[in-house]
Colleague: 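One structure follows; several queries about it will come next.
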Amino acid sequence: MEERKTRSKIANLESLTLGNCNITLTLDTRYKDENEKYHVSIRFTVNTARYYFPLGRKYTSEEWDGICKSDGRGRGGNQSQNYIDRTKLVELYNQYVDLARDMSNKGTLKSIDNIRAVLTGRISTYGNVEEAALPYTNTFIGLWNEVIAQKKASTAESYRNARDCFIKSGVYNVRNGYNVDVDMIKAWVAYMKEMRYAQTTIGIYLRAIRVVFKACISSGYMREKDYPFSATDSTKVKISSGSSRRSEFLTVDQMTELYEFYTDFMII
């Protein structure tokens, strides 16, 4: 009987739990390259669902074992390559722990989808049959459609027009998922100005997409820092008020003059 091969256990460099989320710095042993190397990844586990986020480095299991065991002492001390690699990886890991902790504190770390959307802008990959039939599923536009569905008929029409204009502008692709940022909004505004949309219409459309951004944040698919609108921050988008028609109204003096002219005309 053929002996069954056993996979050697891979050590975790760091691991901690935040609420319902476990965050581990380890090797993703599901895949390896032609040099027997695995991707160093942060493994997020939320309610038993897992997501591996690669950090751009690869090691063999033996190399990884050496990094995990390095402690800054012995030959080379804190100047050894293993210890230097370990330090850099832990620093990077801690940045993602801070991100997850912020999400957990704000109650937006509800599922593995939240982590994936915040880190990559996407919840799932694209190209299968179901996504071809529903191209905006699990995307910014998909959530926009949900917002529209919750609005009254008159308001929903405005939100639909804004959505259609946003798609038509070409600044967004379904593969962007939830990756919609300040530059994309500015490009959309430039498109609307080029197409000679009235400033009032631009303001209405921007207010519509602003609601979608808030829905993304409350759903845990974006961070508050990614909110692209601000009345004071020059690096973000400011929604200007539409042109006022006040100048078209008569002043009190003009109305008085018109009234006196009318009464004089009637007396004559």
Side-chain angles (χ1 to χ4, degrees), residues 18-19 21 23 42 44 46 51 53 94-124 136-152 155-156 158-193 197 199-242:
L18 295 172
C21 178
I23 311 167
I42 297 179
F44 295 91
V46 182
Y51 171 59
F53 182 73
N94 287 333
Q95 293 177 23
Y96 289 100
V97 167
D98 289 342
L99 182 151
R101 180 177 289 111
D102 182 61
M103 293 177 65
S104 179
N105 290 341
K106 292 176 179 175
T108 57
L109 186 48
K110 306 168 186 175
S111 71
I112 209 68
D113 287 347
N114 297 130
I115 284 290
R116 294 187 65 171
V118 168
L119 293 180
T120 69
R122 301 178 186 177
I123 289 178
S124 60
Y136 293 119
T137 302
N138 293 329
T139 67
F140 185 84
I141 299 297
L143 190 55
W144 199 331
N145 291 336
E146 291 180 23
V147 170
I148 291 172
Q150 296 169 4
K151 298 295 179 181
K152 294 181 179 179
T155 307
S158 176
Y159 276 64
R160 274 193 295 270
N161 291 338
R163 177 204 60 195
D164 293 345
C165 175
F166 184 66
I167 295 173
K168 187 178 179 180
S169 71
V171 302
Y172 178 86
N173 184 285
V174 66
R175 294 185 178 277
N176 292 124
Y178 289 96
N179 275 329
V180 182
D181 56 18
V182 172
D183 291 339
M184 196 177 290
I185 300 302
K186 288 182 177 179
W188 183 36
V189 172
Y191 165 83
M192 288 190 285
K193 289 181 177 179
Y197 281 73
Q199 186 61 48
T200 301
T201 301
I202 294 175
I204 291 172
Y205 285 5
L206 288 177
R207 288 179 177 85
I209 200 172
R210 183 174 64 180
V211 172
V212 183
F213 272 103
K214 291 181 177 178
C216 286
I217 293 170
S218 64
S219 298
Y221 300 142
M222 286 184 184
R223 293 173 293 173
E224 290 181 359
K225 63 178 292 186
D226 298 323
Y227 185 67
F229 297 100
S230 174
T232 56
D233 188 343
S234 60
T235 65
K236 296 194 174 186
V237 178
K238 179 179 180 181
I239 302 179
S240 302
S241 301

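Just so it is clear, the values below take in all heavy atoms, side chains as well, and ignore hydrogens, waters and symmetry mates.
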Colleague: Could you pull out the closest heavy-atom pair between Asn179 and Met184, with the gap in Å?
Modeller: O-CE, 3.3 Å

Colleague: Do Ile115 and Leu109 make a side-chain contact, defined as non-hydrogen atoms from C-beta onward lying under 4.5 Å apart?
Modeller: yes

Colleague: Does Asn161 offer a backbone N or O that forms a donor-acceptor pair with the side chain of Asp164 under 3.5 Å?
Modeller: no

Colleague: Does this structure show an ion pair linking Asp102 with Lys106, if we count only N-O contacts that are shorter than 4.0 Å?
Modeller: yes

Colleague: Locate the shortest heavy-atom distance separating Ala215 from Val147; write the atom from each residue and the value.
Modeller: CB-CG2, 4.1 Å

Colleague: With the side chain counted from C-beta on, respond yes when Leu99 and Arg223 share a heavy-atom pair under 4.5 Å apart, and no when they do not.
Modeller: yes

Colleague: Counting neighbours of NZ on Lys193 that are heavy atoms of other residues, nucleotides or ligands and sit closer than 6.0 Å, is the number greater than 12?
Modeller: no

Colleague: Are the side chains of Arg116 and Phe53 in contact, using a 4.5 Å heavy-atom criterion?
Modeller: no

Colleague: Among Tyr136, Tyr159, Tyr172, Tyr191, which residue satisfies the ring pair (Phe, Tyr, Trp, His ring centres under 6.0 Å) criterion with Phe166?
Modeller: Tyr172

Colleague: Keeping the roles fixed (side chain from Ser158, backbone from Thr155), state whether a donor-acceptor pair exists under 3.5 Å.
Modeller: no

Colleague: Can you list the residues that meet the side chain to side chain donor-acceptor pair (under 3.5 Å) rule with Thr235, with sequence neighbours excluded?
Modeller: Asp233

Colleague: Is there a side-chain contact between Cys165 and Trp188, using heavy atoms and a 4.5 Å cut-off?
Modeller: yes

Colleague: Closest heavy-atom contact between Ser111 and Asn114?
Modeller: N-OD1, 2.9 Å

